[in-house]
Chemist: 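Before I ask anything, here is the structure I am working with.
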Amino acid sequence: MKYHIEFDIDFKRNPYKGLYIVLEGIDGSGKTTQVEFIKKYFEERGREVVTTREPRKDKRSLIGKLIQEVLYGQTGISPIAFQYLFSADRQMHHEEVVIPALKEGKVVISDRCYWSAIPYGLLDKEESVESGAIKRSLVAQSILSFYHQFIVPDVTFYLDVKLKTALERIASGDGAKEIYEDGAKLKRAIKGYEWLMKEFPKEFTVINAEQAVEKVTEDILRRIKK
Ligand code: TMP
C-alpha cells in the first residue's frame, strides 16, 4: 500500500541574541583553519566566542568518540546507523553547547552542522543527485537527521574547492585518512552540496576556497561585516 506524504521544510531560526556561524564544505576545503581566524576577528571586537564542531571530537562525548572510531575505520557500522550517530551527537551538541552559548549572546562558530548530513548521508545511497530520487532521499534524510529540531545557522559559509585541491590538502595532512576522504566519495559530496545550495540558495554564502588562506578569511570577514 502506498501513502503520500507532503510537507514543507520549515527551518527553525535562531531566536537568541547570539550569532550562529557555520562553515561547510567537503573534507580538505579548509574549514578548520578558517574557524580560528573568524574567532580572532570577533574576539578583537570584544565578543565572546565559542568554537565548536560536528561531529564532536571531545573525549567526554561518548557518541562523538564512537563517530571518530568509525571515521578512522577502527569500528565498522552500517552507513545509515552511522548517520543516526551524527544526529544523536548533534542533538546533544545543540543542547549542551550551541543553545546555551547563543542564549548568553556569544558568537558560535561551528565547523559543520546538519547540512553535512545531506551530502554525506547520500554518499552511501544508490540515488544520484541528478535523478529526481534525491527529493525522496531528502525526505528520508530529513527524518533521519531531524533537521527541523535544530536551529538553522544565521549564516553558513560554503567553502568551495575543486576536488583536486581538496585531495592535495588531505594528502599533505597528518596521514590518518577518514572513510569519506576518498576521491569518488568527495566528488559525490560536491554534487550533494551543489544540489543543497540550489534548493536553499538563501541559506548559503559561497566562498572561493581555492584562494590563499588569507584571501579566504578576507572574503568571509567582508560578508560578516555586511
Ligand atoms: P571533518 O569535520 O573533520 O571534516 O569530519 C567529519 C566527517 O564526517 C566528514 O567526512 C563529514 C562527515 N559527516 C557526516 O557524514 N554526517 C554529518 O552529519 C556530519 C556533521 C559529518
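From a predicted model like this one, the values you see are computed outputs, not experimental measurements. Ligands are counted one by one from 1 in listed order, and the atoms in each one are counted from 1 as well.
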Chemist: If we only consider heavy atoms of Arg90, is any one of them less than 4.0 Å away from an atom in ligand 1?
Modeler: yes

Chemist: For ligand 1, which atoms sit closer than 4.0 Å to a heavy atom of Tyr180?
Modeler: 10 (O), 12 (C), 15 (O)

Chemist: Between Arg45 (side chain) and Arg47 (backbone), is there a donor-acceptor pair under 3.5 Å?
Modeler: no

Chemist: Distance to 0.1 Å, residue and atom name: give those for the protein heavy atom nearest to atom 9 (C) of ligand 1.
Modeler: Asp27 OD2, 3.6 Å

Chemist: If you have a sec, work out which protein heavy atom is nearest atom 6 (C) of ligand 1 and how many Å separate them, to one decimal?
Modeler: Pro55 CD, 3.6 Å

Chemist: Could you find the nearest protein heavy atom to atom 5 (O) of ligand 1 and give me its residue, atom name and distance?
Modeler: Glu178 OE1, 3.3 Å

Chemist: Going by the order shown, which atoms of ligand 1 are within less than 4.0 Å of some heavy atom of Glu54?
Modeler: 20 (C)

Chemist: Name all residues meeting the side-chain hydrogen bond (donor to acceptor under 3.5 Å, both in side chains) criterion together with Glu194; count only those two or more places apart in sequence or in a different chain, and write none if there are none.
Modeler: none

Chemist: Check each atom of ligand 1 against the heavy atoms of Arg53 and keep those under 4.0 Å away; list them by number with element.
Modeler: 1 (P), 2 (O), 3 (O)

Chemist: Please list, in number order, the atoms of ligand 1 under 4.0 Å from a heavy atom of Ser116.
Modeler: 17 (C), 19 (C), 20 (C), 21 (C)

Chemist: Hey, do the aromatic rings of Phe82 and Phe86 have their centres closer than 6.0 Å?
Modeler: yes

Chemist: So which heavy atom in the protein is nearest atom 2 (O) of ligand 1, and how far is it from that ligand atom?
Modeler: Arg112 NE, 3.0 Å

Chemist: Is the closest N or O pair between Tyr120 and ligand 1 shorter than 3.5 Å?
Modeler: no

Chemist: Can you list the atoms of ligand 1 that are under 4.0 Å from a heavy atom of Gln83?
Modeler: 14 (C), 15 (O), 16 (N), 17 (C), 18 (O)

Chemist: Does any N or O atom in Asp111 lie less than 3.5 angstrom from one in ligand 1, N or O only?
Modeler: no

Chemist: Would a hydrophobic clustering, with Ile, Leu, Val, Met, Phe, Trp and Tyr connected at side-chain separations under 4.5 Å, put Val206 with Phe37?
Modeler: no

Chemist: Would you please indicate yes or no on a ring centroid separation below 6.0 angstrom for Phe204 and Trp115?
Modeler: yes

Chemist: Under a 3.5 Å cutoff, is there a donor and acceptor pairing between the side chains of Glu203 and Thr156?
Modeler: no

Chemist: My understanding is that only residues two or more places apart in sequence, or in another chain, count here; which of them pass ring-ring contact (aromatic ring centres under 6.0 Å, His included) with Phe42?
Modeler: none

Chemist: Which protein non-hydrogen atom lies closest to atom 21 (C) of ligand 1, naming both residue and atom, and how far is it?
Modeler: Phe86 CE2, 3.4 Å

Chemist: Test of understanding: given a 4.0 Å heavy-atom threshold, classify the contact between Lys31 and ligand 1 as side chain, backbone, both, or neither.
Modeler: side chain

Chemist: Check whether Leu167 and Ile26 end up in the same hydrophobic cluster, where Ile, Leu, Val, Met, Phe, Trp and Tyr are linked by side-chain heavy atoms less than 4.5 Å apart.
Modeler: yes

Chemist: Assigning hydrophobic clusters by single linkage (Ile, Leu, Val, Met, Phe, Trp, Tyr; side-chain heavy-atom cutoff under 4.5 Å), is Tyr20 placed with Ile109?
Modeler: no

